[in-house]
Structures are given as C-alpha cells and as structure tokens.
Q: 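My structure is below; once you've seen it, I'll send some questions.
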There are 2 protein chains.
Amino acid sequence: MVNGEKVGIGRALPMAGERTRAERRDAAENRQQILAAAAELFAARGVEAVSMDEIARAAGVGKGTLYRRYAHKGALCQALLDENTRRMQGAVLDGLRDRQRGALDHLADFLAHLVAHNEENAELLSAVSDAAFGSRRDAFYRSAPYQWQRLMITGFLRRAVADGECRDLDIDYLTDALLAPLDIDLYLFQRRALGLEQARIVAGTQRLLIDGLRARG
Amino acid sequence: MVNGEKVGIGRALPMAGERTRAERRDAAENRQQILAAAAELFAARGVEAVSMDEIARAAGVGKGTLYRRYAHKGALCQALLDENTRRMQGAVLDGLRDRQRGALDHLADFLAHLVAHNEENAELLSAVSDAAFGSRRDAFYRSAPYQWQRLMITGFLRRAVADGECRDLDIDYLTDALLAPLDIDLYLFQRRALGLEQARIVAGTQRLLIDGLRARG
DNA sequence: TGGAAAAGCGGACGGCAGTCCACTCATAAT
DNA sequence: ATTATGAGTGGACTGCCGTCCGCTTTTCCA
C-alpha cells in the first residue's frame, strides 16, 4: 500500500494528463496516525463502540482533518480493509491462470473466495455496510471493490455464454443478483443466527447459482 | 388495521394465557396522531428529510412518547407500511388457491409479487433498511414481514422437492439466498443506477432462481 | 530564495438520535 | 366511589456525526 487510497472510497484517481500534486508530508503522517489509531481502537473495543471523535483524539488530529481523509467511518474501514482486499483479489487472479477449466468453474471458485473474504473480514465489512445509509447507499455499489466484483462476474458470464456452457443470459441483471446472496449482513445472519457453517454457505451458493433449482434432464 | 402493531417490529403478541391490558385510549389517540403526522411529513418532504423530533412536534407529543411506540424511524416506517404489506400478503395467498400449478410456478409468482411490492413501496422500504444498522441489523431478518417471506419460500421449496420438481435442496440455506437479490437497496440500484426495467428484474430473478444458469440437457 | 497559491488543519458549532425519569392519569379491583 | 397500580407522557439531557471557516504549513515556480 504505497500511496494508499487507490481502491477505497477515497478521491478518484487523477485523470490522464491532469496535473497532480504529491500528498503533503504532514498529511501523509497524519493519515498513518489515523489508520494506526483506528486499527488499535477497533481491535481493543470493536468497531461499533469507537466514535470518530475518539479516533481523531487518539490520532492527535482534529475532527476536520479526520473527515477530510475519510468522509465517514465506513470509508475509514474501507481503507483498513484495503490490504486484505488486495490480497483476496490477487488470490482470485492467481486461480484464473488455469486456462483448462471452464468459466463456470472459475465463477464457482470466485464465489468461494468471496465467502472466505466475508468470513475473515466480517467486522470491518459489516461496519462499512452500517455506514452506508441514505444517500450513501449506492456509494457501496459504486465502490471500487464492488465494481471489481461485478467486472469479474461479468467476465465469467460472458465467457460461459461464448463457450456454450450457458444458455443466453441477461448478464447485466445477473451480475448483481449473483452477488446479493453474499451480502455481509445476510452472511452474518446465516452464520450467527441460523448457525450455518461456512462450507455449507459456499456449497449452497455454488449450487444455486450454477446448477439452478430445477431437476436436471 | 384494527389494533395496529400486529406485524411490525413492535411489541410481541401476548402469549396464550398472559393477562393483557387493552391499549389506553389516550395512547391509542396519540398513536394515530403520530402515524398521521409522519405520513403527512413524509409525503411532503420525503422520509429522509424528516427528523423524529419533528414528527413528535407535529403529532403534539413528546419525544419519549414517540420512542415508546416506535423505537426508531425504521419501526415507524414499518408501521406505515403495514397496510400495504397485508394487501400484498393477501394477494399472494389468493394466488395460492390454484392447486393445479406446481410449487415452482407459485414460487415464481411470489417473487413477482415481492418485486412489485418493492416498486410500490420503495421509499418506505428503503427507510426501514436505512434505520437497520449495527445491532439492529438482524432485527430486519427477524422482523415479521421477512419471516413471513421465509416461511412462504420454505413451503414452496418443500413442496417442490416432495413433488419431484427439484433435486434435493439445502432449503435452510436457499430460503434467504433466494430473497437476497430482492433486497430493496440492490433493487433501487438496479432500477435507478443501472436503469433496468421492473419487468426485466422479475424475469431475471425468476430465470436465475428457477432455471439456473447452466445450459439445459 | 522568496512569496503566492494550494492544501491541510482543528476546534467550535448545529442538529439529530435516543435515553431518562419525575409526573400524570386511565383502568380495574375493592 | 375510592384507591392502588403501572402504563403513558414529555422535555431536558447526553453524545455523536458531520460541517464550517479562519488560520497554518507546504509546495511550486520565478
């Protein structure tokens, strides 16, 4: 994470040809302070129990500074998730190297990776979801991580159709519909309230999405 | 809606044999005032722009009274949705009268009803979702309307399996997974940001859930 | 190197959610 | 009718989010 903020909700990447200014040294230091303080407080007391005021105080910056970087707690959590997200993305891309396997197989693997990511980052993901309310609601769907997931799914589906693995599909609709059952809030409800095992969720998702419901033949 | 609050997030129904006291007259009047005031303010300025203080003031009650009835704005919205929800539930049950059709057909109809419900009650449903954050998150999944939806789906799936319409299914997992693509936030993203038509969402949902992805035969 | 412009800073502030608790009053039992 | 009970009431209060804006620091360019 050399220059932070590349993937999160943060500032858009500079357009080609646009004059861009390097991040100021003091600002960079403050950003590290903020992330470190937030990580420590979250680890100690849980994300929900920590207020933005508190994070600012612990980081030794004013609230204005904190909010300049991270528009809300969700954005801050996204930044903290950044590294894990990249790792997961890398693992997915590695798996794609195997050109022998069909697109639907790749899709199934991809879904398993997403479930594992949910499992490992549940608290932060849940906090991101919490912070996304009202007009921020579709910011989640527009965020880089979600758009990356869409891109991957779209690719799998296109290839599956092209290779004759699938009948013709409404890809634009399906892309989001396939991701919906992996929603972190639903995931946590299934894991905690219903007591379903992670493996069962993976298997169920794959079977539903890939095999469909109706009896074969 | 004779005695209100039967379906919403409100107080649980009295257990059998439990001494229950009728709602006090003044309390009942206040509840009507609150619902009327909220409906009017919401209609005039949109749900998001109206604060709980404002509703209390407009209803001529104190905040304590308002919060006693409705623990948060989401619960209030649920109460306002109550009548429409019942209507939708009634329409679904009517459709079930036709015993000729298979369970999967019934399921497909059911999904169409839910999409229509989303379309017609988007703002209030969205507000309910907004208000469900943090520890209230799974209150949504435990709410009567959602549990009713689960119950319906479970029934369809059981019958479909019993009648041989489906291969064996992990019903406990599938129930929630089938509902996930109908999530109001996703629905609004698809309708507004992606510009998908309602009919397309209905068709896509039905095909995904009922026909699956893989090429037939 | 000097200075202008941009970026960064932070605390005061406004508004809202939700809690609390002392008081009121409808209801039911006697 | 009287009274005991506890549901109902409402406004003051706390804490938090997010904004605003005058001040400071850094960077860039001449």
Side-chain angles (χ1 to χ4, degrees), chain A residues 3-5 9-11 14 18-34 37-38 41 45-77 127-128 130-136 139, chain B residues 3-5 9-11 14 18-34 37-38 41 45-77 127-128 130-136 139:
Chain A
N3 191 20
E5 291 313 289
I9 288 186
R11 193 174 19 262
E18 190 178 332
R19 279 302 274 164
T20 179
R21 213 163 165 137
E23 186 180 39
R24 271 169 54 162
R25 222 191 348 272
D26 53 349
E29 271 160 28
N30 276 342
R31 184 156 50 70
Q32 292 311 320
Q33 293 299 320
I34 289 170
L41 286 171
R45 310 215 314 272
V47 176
E48 259 202 85
V50 178
S51 77
M52 290 294 266
D53 293 75
E54 218 169 347
I55 294 169
R57 222 176 308 130
V61 305
K63 280 181 60 163
T65 304
L66 174 55
Y67 275 97
R68 161 173 288 270
R69 288 332 158 97
Y70 304 106
H72 47 88
K73 203 153 83 172
L76 181 49
C77 290
V128 170
D130 273 3
F133 64 91
S135 53
R136 277 207 294 263
Chain B
N3 192 21
E5 290 313 289
I9 288 186
R11 193 176 17 264
E18 188 177 335
R19 279 302 275 163
T20 179
R21 212 165 164 132
E23 184 180 40
R24 270 168 57 165
R25 224 193 338 277
D26 52 350
E29 271 161 27
N30 275 342
R31 185 156 49 71
Q32 292 311 320
Q33 293 298 320
I34 289 169
L41 286 171
R45 309 214 315 272
V47 176
E48 259 203 85
V50 178
S51 76
M52 289 294 265
D53 292 75
E54 217 168 349
I55 294 168
R57 222 176 309 130
V61 305
K63 280 182 62 164
T65 304
L66 174 55
Y67 275 98
R68 160 173 287 272
R69 288 331 158 102
Y70 304 106
H72 48 87
K73 202 153 82 172
L76 181 49
C77 290
V128 170
D130 272 3
F133 63 91
S135 54
R136 277 207 294 264

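Proteins come first, then strands; the chains are lettered A, B, ... in the order of their sequence lines, and each starts at number 1.
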Q: Roughly what angle, to 10°, lies between the helix axis at the start of the helix from dT1(C)-dA30(D) to dT30(C)-dA1(D) and the one at its end, five pairs per end?
A: 10°
Q: How close or far is atom P of dA17(C) from atom CZ of R57(B), stated in whole angstroms?
A: 11 Å
Q: Expressed as a whole number of angstroms, how long is the span from R24(A):CZ to dA5(C):C1'?
A: 11 Å
Q: Under 3.5 Å, side-chain donor or acceptor atoms of residues 48-59 of chain B against the rest of the protein: list the pairs with distances, not counting sequence neighbours.
A:
unit_1, atom_1, unit_2, atom_2, d
S51(B), OG, E54(B), N, 3.2
D53(B), OD1, K63(B), NZ, 3.4
D53(B), OD2, K63(B), NZ, 3.3
E54(B), OE1, R45(B), NH2, 3.2
E54(B), OE1, S51(B), N, 3.2
E54(B), OE2, R45(B), NH1, 3.0
E54(B), OE2, R45(B), NH2, 2.7

Q: Can you tell me the distance, in whole Å, between the CZ atom of R25(B) and the C1' atom of dT9(D)?
A: 17 Å
Q: Between R31(A) and R69(A) (side chain of the first, backbone of the second, donor and acceptor by atom type, cut-off under 3.5 Å), is there such a pair?
A: no
Q: For the pair made of CZ in R31(A) and P in dA7(C), what is the distance, rounded to whole Å?
A: 16 Å
Q: What integer distance in Å separates D130(A):CG from dC16(D):P?
A: 16 Å
Q: Looking at R136(B), I'd like to know whether one of its side-chain N or O atoms comes within less than 4.0 Å of OP1 or OP2 on dG18(C).
A: yes
Q: When the distance from CG of L76(B) to P of dG18(C) is rounded to whole Å, what number comes out?
A: 12 Å
Q: Do any N or O atoms of the protein come closer than 3.5 Å to N or O atoms of nucleotides 10-12 of chain C, and which pairs are they?
A:
unit_1, atom_1, unit_2, atom_2, d
dG10(C), OP2, G62(A), N, 3.2
dG10(C), OP2, T65(A), OG1, 3.0
dG10(C), N7, T65(A), N, 3.3
dG11(C), O6, G64(A), N, 3.3

Q: Measure from CG on D53(B) to P on dT19(C) and round the result to the nearest Å.
A: 13 Å
Q: Are the side chains of D130(A) and K73(A) in touch, meaning some heavy atoms are under 4.5 Å apart?
A: no
Q: In whole angstrom, what separates H72(A)'s NE2 from dC16(C)'s P?
A: 20 Å
Q: State whether R69(B) places a side-chain N or O below 4.0 Å from either non-bridging phosphate oxygen (OP1 or OP2) of dT9(D).
A: yes
Q: Start at the 5' end of DNA chain C and walk down; is the nucleotide closest to E54(B) or to A28(A) reached first?
A: A28(A)
